[in-house]
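Note sheet for the following structure.
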Amino acid sequence: MRILIIGSSGMLGSDLVEHWTDDEVIPATSGDVDIRDMGLVRQFITQARPDWVVLAAAYTDVDGSEWNPEQAFAVNGEGTRNVARVAQEFDRKLLYVSTDYVFDGTSPRPYEPDDPVHPLNVYGASKVAGENAIREESEHWLIARTSWLFGTSRASFPEKILRAATCQPQIKVVADQMGSPTFTRDLATAIRDLVRSDARGTLHVTNSGACSWFEFAKEVLLKAGRKTPVLPITTAEADRLAKRPAYSVLSPASLNVRGIRLRNWQEAVGAYVAELRQKGKLDR
Ligand SMILES: NC(=O)c1ccc[n+]([C@@H]2O[C@H](COP(=O)([O-])OP(=O)(O)OC[C@H]3O[C@@H](n4cnc5c(N)ncnc54)[C@H](OP(=O)(O)O)[C@@H]3O)[C@@H](O)[C@H]2O)c1
């Protein structure tokens, strides 16, 4: 198959390109195609002639989206609609990566794909707009919602914690938000397997298990052999611009019934630390 990966220079996109073996992968960076421009999207898809379009490009700055909602909706809403429309014009299959932030965090149990969405912030609302565009424009679509991504190609939460550990006597981390950290390498492999099995519909794809950001930070330092103390703080104390759901754990049931099961997040953190070392981004 020919697989067009839009957003190939992003954290997930880089791992999709690196780990998608046995198919012909066509990477597209924002320099190759700005998804806000439907003409460019059409030109690129005409030339690439993919069987599947994997849309991993997005405006992902959660706090920045509060300042700049136009940008968030232009990329995540209208940009996604452009890709969906053109993919449909050429009768191509489409996978869209979405987020746990479509939910408001009030559920007493892990979210299932059919649970009602109710985003608390602009970024989440713009991704809901993207999901709606996919469902409205495309006939053969797959929406893969994921959460709390970390990977070695771009600085994500664990790398920021490791950096803080080198220059701060202690690190304060939010302990009252729960989610499922997900290693982009594991997500990339799952996406590849879902595409190969011709999956459709809305699915939740995360590493297994759940934790708070505080527990996530402690695990990163443990796996990296760092002893810097981590102190729990509340969301209110962190004083971030965008509201975040207190609980955005995504149920793995929709993935598991397709025979795909991602390892637990603690193991994934171990693999991430090993990959950082292999890339020379972390001292022994
Ligand atoms: N990060 C998370 O914790 C998280 C959690 C849940 C879901 N997600 C979703 O997972 C997907 C991948 O996230 P990520 O963290 O890998 O993102 P990322 O590292 O921020 O990368 C986003 C990519 O999108 C590209 N892009 C931005 N605007 C574009 C435009 N107008 N046209 C074309 N490309 C554009 C960027 O290109 P440039 O670098 O050139 O700007 C970059 O390659 C996104 O759909 C995101 O919403 C992420």
Side-chain angles (χ1 to χ4, degrees), residues 4-19 27-45 53-65 68 70-84 86 94-103 111 117 119 121-131 133-134 142-160 177 179-188 190-191 202-207 213 216 242 244-245 248-250 265 268 272:
L4 172 60
I5 295 172
I6 302 182
S8 62
S9 61
M11 185 164 61
L12 172 61
S14 303
D15 275 339
L16 282 167
V17 172
E18 191 178 337
H19 298 287
T29 66
S30 63
D32 297 320
V33 56
D34 184 332
I35 62 172
R36 291 169 298 180
D37 184 332
M38 183 134 88
L40 280 181
V41 174
R42 188 174 288 113
Q43 208 178 326
F44 206 88
I45 291 184
V53 177
V54 174
L55 181 53
Y59 180 72
T60 56
D61 183 344
V62 176
D63 291 312
S65 297
N68 202 346
E70 296 81 13
Q71 169 89 346
F73 278 94
V75 178
N76 299 342
E78 286 315 303
T80 299
R81 187 174 294 278
N82 289 339
V83 175
V86 175
L94 178 58
L95 184 146
Y96 177 62
V97 184
S98 191
T99 172
D100 54 330
Y101 283 6
V102 299
F103 296 117
Y111 282 97
V117 297
N121 55 43
V122 170
Y123 166 73
S126 72
K127 294 294 289 187
V128 168
E131 289 193 0
I134 297 282
L142 173 61
I143 294 173
R145 290 197 192 118
T146 188
S147 62
W148 295 23
L149 294 187
F150 61 100
T152 60
S153 64
R154 283 198 177 189
S156 50
F157 174 80
E159 206 173 321
K160 288 175 191 155
Q177 289 170 33
S180 297
T182 302
F183 187 24
T184 47
R185 200 213 296 171
D186 293 350
L187 175 60
I191 286 176
T202 306
L203 298 182
H204 287 172
V205 190
T206 65
N207 278 118
W213 292 106
F216 187 11
R244 279 139 168 104
S248 59
V249 180
L250 303 178
W265 67 270
Y272 161 85

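The structure presented is a predicted model; accordingly, all values stated were derived computationally and were not measured. Atom set for the values below is all heavy atoms of this structure, side chains included, hydrogens, waters and symmetry mates excluded. One-based numbering, in listed order, for ligands and for the atoms of each. Positions are given from 1 along the sequence.
Using a cutoff of 4.0 Å between basic side-chain nitrogens and carboxylate oxygens, R185 and E18 are not scored as salt-bridged. Remark: R244 engages D63 in a salt bridge, criterion side-chain N to carboxylate O under 4.0 Å.
In this structure, ligand 1 sits under 4.0 Å from heavy atoms belonging to G7, S9, G10, M11, L12, S30, V33, D34, I35, R36, A56, A57, A58, T60, V75, V97, S98, T99, Y123, K127, T146, S147, W148, L149, R154.
Applying the side chain to side chain contact (heavy atoms under 4.5 Å, CB included) rule to A268 yields the partners F150, F183, D186, N207, R263; only residues at least two apart in sequence or on another chain are considered. Legend: residues meeting side chain to side chain contact (heavy atoms under 4.5 Å, CB included) with A129, ordered by chain and number and at least two apart, are F73.
S248 and P245 make their closest contact through CB-CG, 3.9 Å (heavy atoms, listed as atom of the first residue, atom of the second, distance).
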Side-chain donor-acceptor pairs under 3.5 Å in residues 32-41, sequence neighbours left out?
| from | atom 1 | to | atom 2 | distance (Å) |
| --- | --- | --- | --- | --- |
| D32 | OD2 | T29 | N | 2.9 |
| D32 | OD2 | T29 | OG1 | 3.2 |
| D34 | OD1 | R36 | N | 2.9 |
| D34 | OD1 | R36 | NE | 3.0 |
| D34 | OD2 | R36 | NE | 3.3 |
| D34 | OD2 | R36 | NH2 | 2.6 |
| R36 | NH1 | Q71 | OE1 | 3.4 |
| D37 | OD1 | G39 | N | 3.0 |
| D37 | OD1 | L40 | N | 3.1 |

